[in-house]
Amino acid sequence: MVLPLKKSVEELEEESSPLPIGTYWQLVRRKFLRHRLALFGLIALSCVVCLSVFGPMFTSRAYDEMDLLNRFKPPLSAGYLFGTDELGRDVFVRIMYGGRISLFVGLTSSLLSTSIGLLVGLLSGYLGGIVDRLLMRFVDVMLSIPLFPILLILTMVFGSGVKNTILVLTVFGWMGVSRLVRGVVLSLRENEYVMAARVLGTSKLKILFKHILPNVMPITIVSLTLNLSYAILAESSLSYLGLGIQPPTPSWGNMLQRAMNYILATGLEKVVPWWLVFFPGFMIFITVLSVNFLGDGLRDALDPRFVSES
Amino acid sequence: MRRYLLIRFLELIPIFFLISLIIFFILNAMPGDPLLTMRMENPRAMTRDPAKIAELRKYYHLDDPFIVRYGVWLWSFLKGDLGYSSMYKQPVLGIILKRLPNTLLLTVTAWLIGLIVAFPIGIYSAVKKYSLFDYFFTVLAFIGISLPTFWFALMAIIVFSVWLGWFPVTGVQTYGVSGFWNVFFDRLRHLALPALVLGLVQVAYWVRYIRTALLEVLDQDYIRTAYSKGADERRVILKHALRNALIPIITIIALDIPYFFGGALIIETIFSWPGMGRLIYEAVLASDYNLAINCLMFLAVITLLSNLLADILYVIVDPRIRLGAKAV
């Protein structure tokens, strides 16, 4: 039986080529912009970054400027947008300066740890054999040490402060990335184009950096966002416990440090200074949430398998 | 099966040694001379006689090579001699054993709360994929992952303890409460808020994992077969699909146990809950190296045991698992 040919050739061609037109990065951008949550993340994160980087330039108050007549002022009173803390310092100004520190620590340590993870993953996956076994066993071991307690203890050993917080977060932040990257390299290594490059006599190093590295980048970028959100959370937790960034330098974490005491100390007749807790924590939350949304959008957009889906 | 578990157990031993090596390395990176520290803590009891000091150095193996000191330290750890806490002036083992039940009570309760909440939501999200319910909990999961634990805990205290007065603010129990049921309910009231906070933070992760794992299984042919044979949806999902989805879920849930101790550390500190996490925090603040390091060793051992627990659960859930056939 011959089926009647109902469709024109053009229609058929259109159907049989599901791949949208454009370069990889054009497709990524298109896909990313369609991801509503990721777009929200990008916009919110940009706002937070701008507020922290440029905000302090437009304010006359310093982050440690005290106004002892206006202690514990609630938000939107006495000219303070987010209220004042126990020393009459402007919570809003401190949040902007704290954002600089928190974002700097988060970004630096996540960039460092992701780079280390990428390097270890590349070496482990590509070299294979004994190097791979040793490195991955080491990763297993590092991963079975409870993360937050060891971060705490490392700050005791190295001391606290901006530099040491970055160091500690880097030393214990690279393992997850290296595992992911290794997995991808293992599957890439067996591809025909790598084989072809090897047959052509390309050096191992060149294959690794010219042929494999670009294909590992998507998963690395996604891991970077995961590491960034973890680093911001961990820094703020350490600083909250008094072991990360040290006062008077404000960070979103250490701003909450003594807030608890005042909340318990104020009786029912006085106003609970909830804003001391709410605003810095909310900034951490909204930043980490944006980074996570961004990461999710990038995961969908960068994955070449998903690009073809409209 | 017994062979499988035995091999799994034996595999943990080298990992344990490597962990202890890393921890001992950190202990060694601590600044300062141990004898000097001892003298500072207890000036009158310490001798200044050089001969005696040399004897003490020899007794504590201070001048021996790293690997010898590691061996001596590990051997005494395995014998249960954990040394003294400089903060409490007591043997470390006793302090840890006194704190451990509190932590276990908190984490196990939180863990159970997490499971009880996460499973129905995760299953329903997978079954009603892309529905409003699913979308709502997807966003909620992102929110949960992004919440700083300490902030969530502090806000919970402000709202539920300070403003509404439903729960006591901190501690394990009220002094002066007597009678079995009074004590029981009093402790329950103290446990409720920290356990809820700790458990609910974890729910967000688990809902995602349960949903993903179940979705993967629901695509399989045998699920369609079960449907086409007329099995009702409830039976297909709970009997056919969930059982197979459980393996990856168990991996995640058992491997999350160490994260619970990390979360518990912050929660215990905020709620003044006298557990292991708070103990580590106090030790770190007081520079009580020995106490802190030994707490860490304990947590590492518990982590390894939870890995073993995951293996045991695999065997219970999946009869196919033998050493040759790999778990997902």
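Order of the sequence lines fixes the chain letters, A, B, ..., with proteins taken first and strands second; residue numbering starts at 1 for each chain.
Proximity to chain A (any heavy atom under 4.5 Å) is shown, for B:L21, by neither the backbone nor the side chain. Proximity to chain A (any heavy atom under 4.5 Å) is restricted, for B:F150, to the side chain, taken from C-beta onward. For B:I143, the parts sitting under 4.5 Å from any heavy atom of chain A are the backbone and the side chain alike. Only the side chain of B:L304 comes within less than 4.5 Å of a heavy atom of chain A; its backbone N, CA, C and O stay farther away. When heavy atoms are compared at a cutoff of 4.5 Å, A:L143 does not approach chain B at all.
Inter-residue side-chain proximity for A:L241 and B:L265 is flagged as met; some heavy-atom pair is nearer than 4.5 Å. No side-chain heavy atom of A:V288 sits less than 4.5 Å from a side-chain heavy atom of B:P148. Counting heavy atoms from C-beta on, the side chains of B:Y281 and A:L243 come closer than 4.5 Å.
The candidate from A:I145, A:D140, A:I153, A:L147 with the greatest count of non-hydrogen atom pairs under 4.5 Å with chain B is A:I153. In terms of non-hydrogen atom pairs under 4.5 Å with chain B, the most contact-rich of A:I286, A:T155, A:I150 is A:I150. Of the listed residues B:I145, B:I280, B:L299, B:V139, the one with more heavy-atom pairs under 4.5 angstrom with chain A than any other is B:L299. Counting heavy-atom pairs closer than 4.5 Å to chain B, the top residue among A:I284, A:L152, A:L151 is A:L152. In terms of non-hydrogen atom pairs under 4.5 Å with chain A, the most contact-rich of B:I23, B:V159, B:I266, B:T269 is B:I266. Comparing B:I15, B:L18, B:I270, B:L154 by how many heavy-atom pairs each has under 4.5 Å with chain A, the most go to B:L154.
Taking OG of A:S229 as the reference point, atom CZ of B:F142 lies at 10.0 Å (rounded to 0.5 Å). Taking OH from A:Y240 and OG1 from B:T149, the interatomic distance works out to 11.5 Å, rounded to the nearest 0.5 Å. With values rounded to the nearest 0.5 angstrom, B:I302 atom CD1 is found 13.5 Å from A:S144 atom OG. Atoms OG1 and CG, from B:T138 and A:L37 in turn, are 8.5 Å apart once rounded to the nearest 0.5 Å. One finds the CG atom of B:L285 at 10.0 Å from the CE atom of A:M156 (value rounded to the nearest 0.5 Å).
In this structure, A:F138 places its CZ atom where only 12 or fewer heavy-atom neighbours from other residues, nucleotides or ligands lie under 6.0 Å away. B:F133 CZ: more than 12 foreign heavy atoms inside a 6.0 Å radius. Counting non-hydrogen atoms of other residues, nucleotides and ligands closer than 6.0 Å to CZ of A:F104 gives a total of 12 or fewer. More than 12 heavy atoms of other residues, nucleotides or ligands shown are found within 6.0 angstrom of OH on B:Y88. The local environment of CG in B:L164 is crowded, with over 12 non-hydrogen atoms from other residues, nucleotides or ligands closer than 6.0 Å.
For the pair A:L233 and B:S146, the tightest heavy-atom approach, listed with the atom from each and the gap, is CD2-O, 4.0 Å. Shown here for A:M142 and B:I22, the closest heavy-atom pair between the two residues is SD-CD1, 4.0 Å.
Using non-hydrogen atoms only and a strict 4.5 Å limit, the part of residues 288-297 of chain B facing chain A consists of B:Y289, B:A292, B:I293, B:L296.
When atom types are taken as modelled, the side chain of B:W151 and the backbone of A:F285 share no donor-acceptor pair closer than 3.5 angstrom.
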